[in-house]
Amino acid sequence: MTSLTQTDWRSLARTLRPRRQAFIDGRFVDALSGRTFPAYNPATGEVIAEVAACDAADVDRAVRAARRAFESGVWRDLKPAERKAVLLRWAGLIRENLPELALLETLDTGKAIKESLSVDVPSAAAAIQWYAETIDKLYDEIAPNGPSSLVMVTREPVGVVAGVIPWNYPLIIASWKIGPALAAGNSMILKPAEEASLSALKLAELAQEAGLPDGVFNVVPGLGPEAGQAIGLHPDIDAVLFTGSTEVGRKFLEYSARSNLKRVGLELGGKSPHIVTADADLEKAAMYVAYAIWYNLGQTCNAGSRLIIEQSVKERFLELLRPWAQRLYPGDPLEPTTELGALISAEHLDRVRGYIELGQREGAEVAIGGRQIGQERGGWYLEPTVLVGVKNDMRVAREEIFGPVLSVLEFDRLEEAVAIANDSPYGLAAALWCRDISTAHRTARQLRAGTVWVNAFDHTSINAPFGGYKQSGHGRDKSLHAFDKVTELKTTWVELH
Ligand code: TAP
């Protein structure tokens, strides 16, 4: 890693030639219409590539290739150990291409190169490796039905699976969809977000190098209402694994109802509560609260965006938080020491600033940060921000801001904190800081969220399921549970006469 931290990323960026064509049936191709859309570098506002803008015709071409590959058995009928070997090779190639993939991710999303190198690329490789390793270790079942029947319950791939993903963690979220879909023997079509397609196209190149047969993995960059909608409505896609906003997730359920009732896995938004009691280790909690909201500039679905703090320690806690807002100050993402980079787009920056203003109009006050910075670089930067005096019925407490803005709410009794935490349309994650073990367990059970951390935030592992309660979605990414959406269960009943 020493050499990577000393790399001159700016020079490397100048020589980088990102792939910009779609990857369909084992070939890089332009969109049939010939259209493209610009990929921007959020750190500078500059266009870094013109990417193929796929639409319904390209999606159809990809689906045909994926279906052909599936029906031919070229992938699903491989011996498990052979399929495993290809995916392991792919994971290995992702690791070997760490500098280029990390650079693409940073240039395309504005996130700090330090994070792309240490988190995004390694996590994506680890996820594909983890699912590869399950392939020859998962056994099927026999349902006990007496001596004269053999009732087998087996898992089969659903067929053609599409992944439609957002821009905040392009490689990581892609790997959560790719891993189980391909390990199970499906063919796959991936639609990256318009704002961040470049790393997915590099992944496609590496997939081919690893030996994935043509048509098994396809990437169709394009706009949501064009490529995304075409995927949602396509009659020959069996499942869509979607991560993104609750609003677009709703559309995928409609697309499914209007087309072939394809399965839809939804990982959607959040407004995660972070409860801190007076008896907690406040210094440690302050560090976690800071990272929970400011890591990746709050552009994280499970960001701890609502701090619910015991009133008696609120002032002290804010003082503990203040140095973290300084330390996690945004800078040039290509500088190896930078912790936080830029927000994804000018529109998103405006939207987040709009929420800060809205919070003030609703009666909250800016206690930390709140200003746009770094205009001289041309990019889209915002200070880590804290709003105090927030009530849970304000829009800044109810809606997902998806930016570095922490809304602070207060409580006297823990039951109140739990009620505030659960009073949300979302239920992706929650956290609690307290020292009493019975209180911790009781409260963890009461919190309505797919993940509850006690005395931590964002600790994660590929073997722990991730997904939401309520309008944060349904189905789970990660862990063996991710196979549920991409496999069919078949019962084969044999009578032994
Ligand atoms: P969305 O706008 O929902 O976009 C997600 C994906 O859907 C993108 O590929 C997008 O394409 C596509 N899309 C947009 N409009 C569409 C339409 N009408 N039909 C079909 N597809 C469409 O989300 P985003 O802005 O990229 O990401 C932010 C949201 O994702 C936040 O709400 C966040 O909470 C959520 N998120 C959730 C999680 C988990 S795991 N729960 C993880 C990360 C993010 P374009 O890019 O071309 O618009």
Side-chain angles (χ1 to χ4, degrees), residues 37-40 51-56 59 108-109 111 120 123 127 162-177 189-198 200 219-234 237 240-256 258-259 262 264-272 295-305 343-345 347-348 351-352 399-403 424-429 449-451 458 460 464-478 482:
F37 63 88
Y40 293 96
V51 180
C54 293
D55 61 18
V59 167
D108 218 6
T109 64
K111 69 174 65 190
D120 295 73
S123 305
V164 178
I165 61 170
W167 42 259
N168 53 350
Y169 297 95
L171 278 171
I172 295 179
I173 296 176
S175 71
W176 292 353
K177 315 297 189 196
I189 294 153
L190 180 69
K191 191 203 98 58
E194 172 192 345
E195 289 89 348
S197 322
L198 302 182
V219 181
V220 286
L223 311 188
E226 297 180 1
Q229 175 166 321
I231 285 172
L233 289 172
H234 202 287
I237 291 178
V240 175
L241 306 176
F242 173 78
T243 293
S245 61
T246 297
E247 185 194 343
V248 178
R250 218 179 277 283
K251 285 191 203 284
F252 273 94
L253 291 179
E254 286 174 22
Y255 298 150
S256 168
R258 279 165 54 198
S259 56
K262 60 179 67 64
V264 181
L266 297 178
E267 301 288 356
L268 307 175
K271 194 76 191 175
S272 301
Y295 184 78
N296 209 32
L297 286 159
Q299 302 170 120
T300 304
C301 46
N302 61 271
S305 49
L343 287 167
I344 191 74
S345 65
E347 297 74 41
H348 191 54
R351 183 173 170 272
V352 176
E399 297 175 17
E400 186 176 45
I401 299 174
F402 222 55
S424 168
Y426 296 114
L428 189 55
T451 299
D458 230 355
T460 173
F466 181 74
Y469 283 25
K470 301 192 265 181
Q471 292 182 40
S472 290
H474 42 69
R476 292 292 180 266
D477 274 335
K478 305 167 75 181

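Every value quoted in this text rests on a predicted model; they were computed, and no experiment measured them. Ligands are counted one by one from 1 in listed order, and the atoms in each one are counted from 1 as well.
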Legend entry - From the candidates Thr243, Leu266, Ile401, the one that places a heavy atom nearest atom 5 (C) of ligand 1: Thr243

Legend entry - Heavy-atom nearest neighbour in the protein, as seen from atom 15 (N) of ligand 1, with distance rounded to 0.1 Å: Val248 CG2, 3.6 Å

Inset, instruction - Work out whether the distance between some heavy atom of Phe242 and some atom of ligand 1 is less than 4.0 Å. - result: yes

Legend entry - Shortest protein contact, atom 32 (O) of ligand 1 (heavy atom only): Glu400 OE1, 2.5 Å

Legend entry - Under-4.0 Å heavy-atom contact with ligand 1, by part of Asn168 that carries it: side chain

Inset, instruction - Compute whether any side-chain donor of one residue and acceptor of the other, for Tyr169 and Thr109, lie under 3.5 angstrom apart. - result: no

Inset, instruction - Using a strict cut-off of 4.0 Å, indicate which atoms of ligand 1 neighbour a heavy atom of Lys251. - result: 18 (N)

Legend entry - Heavy-atom protein contact below 4.0 Å for atom 18 (N) of ligand 1: yes

Legend entry - Option nearest atom 13 (N) of ligand 1 (shortest heavy-atom distance, choices Gly224, Pro221, Gly163): Gly224

Legend entry - 4.5 Å side-chain heavy-atom contact, Phe466 and Thr460: no

Legend entry - Min side-chain heavy-atom separation Asn296-Asn168 under 4.5 Å: yes

Inset, instruction - Could you tell me whether the side chain of Ile189 reaches within less than 4.5 Å of the side chain of Val59, counting heavy atoms only? - result: no

Inset, instruction - Could you check if a side-chain atom of Pro192 sits within less than 4.5 angstrom of a side-chain atom of Val219, using non-hydrogen atoms only? - result: yes

Inset, instruction - Output yes when the distance from some N or O of ligand 1 to some N or O of Tyr255 is under 3.5 Å, and no in every other case. - result: yes

Inset, instruction - List the atom of Ile231, the atom of Lys191, and the distance in Å for their closest heavy-atom pair. - result: CD1-CB, 3.7 Å

Inset, instruction - Run the numbers for me: atoms of ligand 1, each under 4.0 Å from some heavy atom of Leu428, listed by number. - result: 41 (N)

Inset, instruction - Output the list of atoms in ligand 1 that are nearer than 4.0 Å to some heavy atom of Phe252, sorted by atom number. - result: 20 (C), 21 (N)

Inset, instruction - Could you tell me whether the side chains of Lys177 and Thr243 share a donor-acceptor contact shorter than 3.5 Å? - result: yes

Legend entry - Minimal non-hydrogen separation, Pro170 against Ala196, with atom names: CG-CB, 3.6 Å

Legend entry - Per-atom contacts, ligand 1 versus Gly222 - under 4.0 Å to a heavy atom: 47 (O)

Inset, instruction - Could you say whether the N/O atoms of Glu194 and ligand 1 ever approach to under 3.5 Å? - result: yes

Legend entry - His348: partners by ring-ring contact (aromatic ring centres under 6.0 Å, His included), with sequence neighbours left out: Trp167

Legend entry - Polar contact flag for Leu268 and ligand 1 (N/O pairs, less than 3.5 Å): yes

Legend entry - Protein contact of atom 40 (S) of ligand 1 - nearest heavy atom, named by residue and atom, plus distance: Phe466 CE2, 3.2 Å

Legend entry - Residue, atom name and distance, where the atom is the protein heavy atom closest to atom 23 (O) of ligand 1: Ser245 N, 3.5 Å

Inset, instruction - Measure Ile165 to ligand 1 on non-hydrogen atoms and call it side chain, backbone, both or neither using the 4.0 Å cut-off. - result: backbone

Legend entry - Closest non-hydrogen atom pair, Lys262 against Leu233: NZ-C, 3.8 Å

Legend entry - Protein residue, atom and distance nearest to atom 11 (O) of ligand 1, heavy-atom basis: Lys191 NZ, 3.1 Å

Legend entry - Exceeds 12 heavy-atom contacts within 6.0 angstrom, atom NZ of Lys251: no

Inset, instruction - Distance to 0.1 Å, residue and atom name: give those for the protein heavy atom nearest to atom 39 (C) of ligand 1. - result: Cys301 SG, 3.0 Å

Legend entry - Which segment of Glu247 sits under 4.0 Å of ligand 1 when only heavy atoms are counted: neither

Inset, instruction - Enumerate the atoms of ligand 1 whose separation from the nearest heavy atom of Ile173 is less than 4.0 angstrom. - result: 42 (C), 43 (C)

Legend entry - Atoms in ligand 1 flagged as close to Glu267, the criterion being non-hydrogen separation under 4.0 Å: 37 (C), 38 (C), 39 (C), 40 (S), 41 (N)

Legend entry - Minimum non-hydrogen distance to atom 30 (O) of ligand 1, winning option of Ala53, Gly244, Gly269, Ser472: Gly244

Legend entry - Side chain to side chain, Val164 and Val248, heavy atoms closer than 4.5 Å: no

Inset, instruction - Tell me, with the steps shown, if Lys470 and Leu428 meet side chain to side chain contact (heavy atoms under 4.5 Å, CB included). - result: CA-CA 8 Å; Lys470 301 192 265 181; Leu428 189 55; over 6 Å; no

Inset, instruction - Report the residues that fulfil side chain to side chain donor-acceptor pair (under 3.5 Å) with Lys111, sequence neighbours left out, ordered by chain and then residue number. - result: Asp120

Inset, instruction - Provide the closest heavy-atom pair for Val220 versus Ala227 in the form atom of the first, atom of the second, distance. - result: O-CB, 4.4 Å

Inset, instruction - Kindly indicate, with the supporting measurements, whether the criterion side chain to side chain contact (heavy atoms under 4.5 Å, CB included) is fulfilled by Leu268 and Tyr426. - result: CA-CA 9 Å; Leu268 307 175; Tyr426 296 114; 5.7 Å; no

Legend entry - Sub-4.0 Å heavy-atom approach of Gly249 to ligand 1: no

Inset, instruction - Return the residue, atom name and 0.1 Å-rounded distance of the protein heavy atom closest to atom 27 (O) of ligand 1. - result: Pro166 CB, 3.4 Å

Inset, instruction - Check each atom of ligand 1 against the heavy atoms of Leu223 and keep those under 4.0 Å away; list them by number with element. - result: 47 (O)

Inset, instruction - Give the single entry among Phe402, Trp167, Tyr426 that approaches atom 25 (O) of ligand 1 most closely by any heavy atom. - result: Trp167

Inset, instruction - Would you mind running through ligand 1 and noting each atom that sits below 4.0 Å from a heavy atom of Glu195? - result: 46 (O)

